[in-house]
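Remarks on the structure that follows.
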Amino acid sequence: MAELVRGAESTDAPSILGICSLEKSFGSLMVLKDISLSVDRGNVISIIGPSGSGKSTLLRCAAFLERAEGGDILYDGQYAMQNGVYASKAELNRFRSRFGLVFQNFQLFPHYSVMKNITEAPILHGEDRDEVQERALSLIRKMGLEGKEKAYPYQLSGGQQQRVAIARALAMKPEILYFDEPTSALDPELTGEVLKVIRQLAEEKMTMVVVTHEMPFAKAVSNRVIFMAGGVIVEQGDPREVFDDPREERTRQFLRVFEH
């Protein structure tokens, strides 16, 4: 276990996220089989693979949106789940404060303005309202959404809604961001808007795990790429190695679909 949760670039500090021998089933169907990975601070990990390979389920297990049946989940070397047994509800809530989530379908509150979507959670967590609103305005500028503070989700494009969702996640000051196919509901032009924001966050050394079908983006931005198929990690490594010289035939088969 010590080797798992140690950062690849540091022998002193544990990885922000460590997963060991994770298993998850839906009924008789096992969708995650012996999954192990670690995520170091400041790194971007892209998870690629065919539909139904378990990518989103892995992300949902890491975020406690699905309950795994076996293995370990650690944040900064502390167990959120050990041998399939979860920590207490209070401890899980503490771990939840470490990460933010961005979903493919935005999941904004339709009856809240942009500003309220971004500020509601920090205020409910007891933060000073004025400080939260100042942070929200800064995030709105960062996302290129100036002038949209009072707009409602239905008044925004899909790309704008997703940028609001990213700002909402960042408003909680997470240590790691999880993206579950953040561009799959967008057309190509709007996809570019969202990927530009994620690239900027990568340049700022925001720790991120991104489930994506955007192969050029994954190759350009990631520190490590994980290829999943059939509920297992088939291959992982430096993005240049995975994309340009994959070791496994299953990886080569998958990537051929994206060749032009």
Side-chain angles (χ1 to χ4, degrees), residues 1-9 14-26 29-75 77 79-84 99 101 104 176-182 184 202 207-258:
M1 174 57 67
E3 290 186 5
L4 167 76
V5 298
R6 292 292 181 185
E9 299 174 0
S15 300
I16 187 169
L17 172 67
I19 290 175
C20 183
S21 302
L22 193 72
E23 295 190 345
K24 168 66 181 173
S25 298
F26 292 114
L29 177 64
M30 182 168 280
V31 293
L32 296 178
K33 309 167 189 174
D34 195 26
I35 299 291
S36 296
L37 61 91
S38 61
V39 181
D40 293 332
R41 290 185 182 278
N43 279 4
V44 179
I45 310 300
S46 288
I47 304 177
I48 63 172
S51 297
S53 59
K55 307 182 303 294
S56 293
T57 300
L58 172 57
L59 209 62
R60 292 176 65 84
C61 285
F64 316 131
L65 296 175
E66 299 284 357
R67 291 186 71 87
E69 287 93 38
D72 306 321
I73 300 174
L74 303 95
Y75 282 92
Y79 285 102
M81 181 182 78
Q82 185 174 16
N83 296 324
F99 56 77
L101 297 161
Q104 55 184 299
I176 183 171
L177 272 184
Y178 294 135
F179 290 88
D180 186 7
E181 299 191 15
S184 64
T207 309
M208 294 182 282
V209 180
V210 186
V211 171
T212 183
H213 287 293
E214 301 290 337
M215 298 301 123
F217 164 82
K219 183 177 180 180
V221 173
S222 308
N223 298 95
R224 191 163 86 255
V225 172
I226 294 172
F227 171 63
M228 291 184 64
V232 302
I233 294 177
V234 175
E235 184 166 352
Q236 62 177 308
D238 180 276
R240 290 178 297 278
E241 295 174 355
V242 173
F243 284 106
D244 297 338
D245 190 23
R247 298 186 304 272
E248 303 296 331
E249 176 58 28
R250 183 65 184 89
T251 313
R252 290 192 286 272
Q253 291 175 357
F254 174 75
L255 292 175
R256 283 191 198 109
V257 176
F258 298 93

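All residue numbers in this chain count up from 1 along the given sequence.
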Rounded to the nearest 0.5 Å, the CZ atom of R247 sits from the CD atom of Q236 at a distance of 8.5 Å
* Under 4.5 Å between any side-chain heavy atoms of V39 and V209, yes or no? -> yes
Any non-hydrogen side-chain atom of K33 less than 4.5 Å from a side-chain atom of E23?
no
Apply salt bridge (Lys or Arg N to Asp or Glu O under 4.0 Å) to residues E181 and R60 and explain how you reach the verdict. CA-CA 12 Å; E181 299 191 15; R60 292 176 65 84; over 6 Å; no
- Message: Quick check on R240: does its CZ atom have over 12 non-hydrogen neighbours (other residues, nucleotides or ligands) under 6.0 Å away?
- Response: no
Hits for ring-ring contact (aromatic ring centres under 6.0 Å, His included) against F254, two or more places apart or cross-chain, chain-then-number order -> F227, F258
Between P239 and A218, the two heavy atoms sitting closest are CB-O, 4.2 Å
The reported gap from CE in M30 to CG in D34 (rounded to nearest 0.5 angstrom) is 9.5 Å
Open item on the list: Has S222 got a side-chain atom pairing as donor or acceptor with K219's backbone, closer than 3.5 angstrom?
Closed with: no
field: Side-chain donor/acceptor of S15 to backbone N/O of S38, under 3.5 Å
entry: no
query: Is there a donor-acceptor pair closer than 3.5 Å between any side-chain N or O of K24 and the backbone N or O of R67?
result: yes
Of all heavy-atom pairs linking G42 and T207, the shortest is N-OG1, 2.7 Å
NE2 (H213) and CD (Q104) are apart, to the nearest 0.5 Å, by 8.5 Å
With L58 as partner, the option from V211, L22, V31 fulfilling side-chain contact (heavy atoms from CB on, under 4.5 Å) is L22
Minimal heavy-atom distance between G237 and V242, with the atoms involved, is N-CG2, 3.6 Å
Quiz prompt | Side chains of V234 and M228 in contact at under 4.5 Å (non-hydrogen atoms) | solution = no
| request: May I ask you to decide if T251's main-chain N or O and E235's side chain share a donor-acceptor pair within less than 3.5 Å? | output: no
OH of Y178 to OG of S56, rounded to nearest 0.5 Å, is 13.5 Å
On a heavy-atom basis, the closest approach of V221 and A202 is CG1-CB, 3.5 Å
Start with the C-alpha gap between E66 and F26, add the side-chain angles, then the distance that decides, and say whether side-chain contact (heavy atoms from CB on, under 4.5 Å) holds. CA-CA 10 Å; E66 299 284 357; F26 292 114; 3.7 Å; yes
On a heavy-atom basis, the closest approach of F99 and A62 is CE2-O, 4.1 Å
Within the structure provided, determine whether L255 and M215 are in side-chain contact (heavy-atom separation under 4.5 Å).
yes
| Close side-chain approach of D72 and S21, heavy atoms under 4.5 Å | no
Practice prompt. Please confirm whether the backbone N or O of S25 pairs with a side-chain atom of E69, one donor and one acceptor, at under 3.5 Å?
Written response: yes
(message) Contact between Q82 and I73 at the side-chain level, heavy atoms closer than 4.5 Å - yes or no?
(response) no
Check whether any side-chain N or O of N223 sits under 3.5 Å from a backbone N or O of V44 as a donor-acceptor pair, and report yes or no.
yes
* Asked: Does the side chain of R250 reach to within under 4.5 Å of the side chain of P50, using non-hydrogen atoms?
  -> yes
The ring-ring contact (aromatic ring centres under 6.0 Å, His included) partners of F179 (sequence neighbours excluded) come to none
CD1 (I233) and CD1 (I19) are apart, to the nearest 0.5 Å, by 8.0 Å
So CD1 of I45 and CG of L59: to nearest 0.5 Å the spacing works out to 12.0 Å
Under a 4.5 Å cut-off applied to non-hydrogen side-chain atoms, are K55 and I226 in contact? no
